[in-house]
Amino acid sequence: MARLLSNIILKGIGGYPVANSARIISGSSYQNGMKYFSTVPNDPDTHEDFRPSSKLESHSLSLKDIVEQDVKDNPVMIYMKGVPDFPQCGFSSLAVRVLRHYNVPISARNILEDPEIKNAVKGFSSWPTFPQIFIKGEFIGGSDIILTMHQNGELKEKLKDIASSVEKSE
């Protein structure tokens, strides 16, 4: 039974090869008798509200300036996939959990919202992966480095000024 099923799948239903069962015709595709529509993001028929746009376009600052400003103005800055309340990858989630352990304010920017800012951050830090954590203007690294620093006590020392200033203001 399993062999029969795998032969049907490999050959395609009705003896038609699977690889040849899809063809694209001007913005729509036919696959196994079903029609699928796709739109090109810059298609003139796409309404302006649905076209992709950079959320940072209206800024007079360059992307590099924005990253520099983020890092300078925020004692703990994390560039991550998602946001601290809803991380969208395990590494970003781990970094946020470790940082929250110290009760410090976390500033974050979601790199999934804008690929241009993602590339600007990579260029700024010369580090290829995310999350990227900056503490007091210094690039620290990713979740693995933050976890190691937490385990050996370095992170507590690095964050103590920030944590004590938060306690004083409350």
Side-chain angles (χ1 to χ4, degrees), residues 24 26-29 36-170:
I24 296 178
S26 65
S28 61
S29 66
Y36 296 93
F37 294 94
S38 66
T39 57
V40 179
N42 294 324
D43 184 355
D45 291 336
T46 301
H47 190 274
E48 185 177 313
D49 291 345
F50 299 104
R51 289 186 190 145
S53 65
S54 172
K55 296 184 189 255
L56 302 172
E57 274 177 6
S58 60
H59 263 289
S60 60
L61 298 172
S62 72
L63 292 171
K64 182 179 180 244
D65 292 338
I66 291 169
V67 173
E68 285 176 358
Q69 195 73 37
D70 282 350
V71 170
K72 183 179 134 203
D73 291 349
N74 300 291
V76 178
M77 182 69 199
I78 179 170
Y79 292 92
M80 61 183 286
K81 294 178 180 175
V83 294
D85 290 336
F86 190 66
Q88 294 184 355
C89 92
F91 298 111
S92 293
S93 177
L94 174 62
V96 169
R97 284 183 297 167
V98 169
L99 290 168
R100 283 195 169 151
H101 178 76
Y102 294 95
N103 196 30
V104 294
I106 302 169
S107 300
R109 198 176 284 270
N110 182 356
I111 60 158
L112 297 176
E113 288 182 351
D114 191 346
E116 292 172 358
I117 197 77
K118 179 181 178 181
N119 291 329
V121 173
K122 284 182 181 183
F124 182 78
S125 65
S126 300
W127 192 262
T129 60
F130 289 89
Q132 292 191 17
I133 299 122
F134 295 82
I135 298 175
K136 296 187 250 180
E138 177 188 354
F139 175 63
I140 302 301
S143 59
D144 55 340
I145 294 170
I146 286 289
L147 181 60
T148 301
M149 289 175 73
H150 168 68
Q151 291 169 337
N152 67 23
E154 287 179 62
L155 189 57
K156 182 178 183 178
E157 188 64 31
K158 193 152 238 1
L159 294 172
K160 75 178 178 184
D161 297 347
I162 299 167
S164 63
S165 68
V166 168
E167 291 170 5
K168 287 178 187 175
S169 67
E170 292 176 352

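- Of all heavy-atom pairs spanning P84 and V96, the tightest one is O-CG1, 3.7 Å.
- In this structure, E68 and F124 approach most closely via the heavy-atom pair CG-CE1, 3.2 Å.
- Residue A95 comes nearest to I78 through the heavy atom pair CB-CD1, 3.8 Å, listed as atom of the first residue, atom of the second, then distance.
- Taking CG of L155 as the reference point, atom CG of L159 lies at 4.5 Å (rounded to 0.5 Å).
- Taking each heavy atom of S107 and N74 in turn, the nearest pair found is OG-OD1, 2.9 Å.
- To the nearest 0.5 Å, atoms CD1 (I106) and CE (M80) are separated by 8.5 Å.
- For K118, the side-chain contact (heavy atoms from CB on, under 4.5 Å) partners are I111, K122, F130, not counting sequence neighbours.
- Side-chain atoms of N110 and Y79 form no donor-acceptor pair, as typed in the model, at a separation below 3.5 Å.
- Smallest separation of non-hydrogen atoms from V67 and A120: CG2-CB, 4.1 Å.
- Ion pairing of E154 with K158 is absent here, as no side-chain N (NZ or NE/NH1/NH2) approaches a carboxylate O to less than 4.0 Å.
- Taken to the nearest 0.5 Å, the CZ atom of R97 stands 9.5 Å off from the OG atom of S143.
- With a 6.0 Å radius and a threshold of 12 heavy atoms from other residues, nucleotides or ligands, F91 has its CZ atom at or below the threshold.
- Note that CZ of F134 is 9.0 Å distant from CD1 of I140, once rounded to the nearest 0.5 Å.
- Of all non-hydrogen atoms in I145 and G141, the two that sit nearest each other are CD1-CA, 3.8 Å.
- Distance check: S125 OG to E138 CD gives 12.5 Å after rounding to the nearest 0.5 Å.
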**Report entry** Test log, rule salt bridge (charged side-chain N to carboxylate O under 4.0 Å, His left out), inputs D65 and K72
**Finding:** CA-CA 10 Å; D65 292 338; K72 183 179 134 203; over 6 Å; no
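- Ring geometry for H150 versus H101: interplanar angle over 60°, hence perpendicular rather than tilted (30 to 60°).
- In this structure, the side chain of S93 does not engage the main chain of C89 through any donor-acceptor pair within 3.5 Å.
- Here the CG atom belonging to N152 is positioned 11.5 Å from the CD atom belonging to E157, to the nearest 0.5 angstrom.
- Looking at D114 and R109, no side-chain N of the basic residue comes within less than 4.0 Å of a carboxylate O on the acidic one, giving no salt bridge.
- At least one side-chain heavy atom of I135 sits under 4.5 Å from a side-chain heavy atom of I162.
- The neighbour count for K136 NZ, taken as heavy atoms of other residues, nucleotides or ligands under 6.0 Å away, is above 12.
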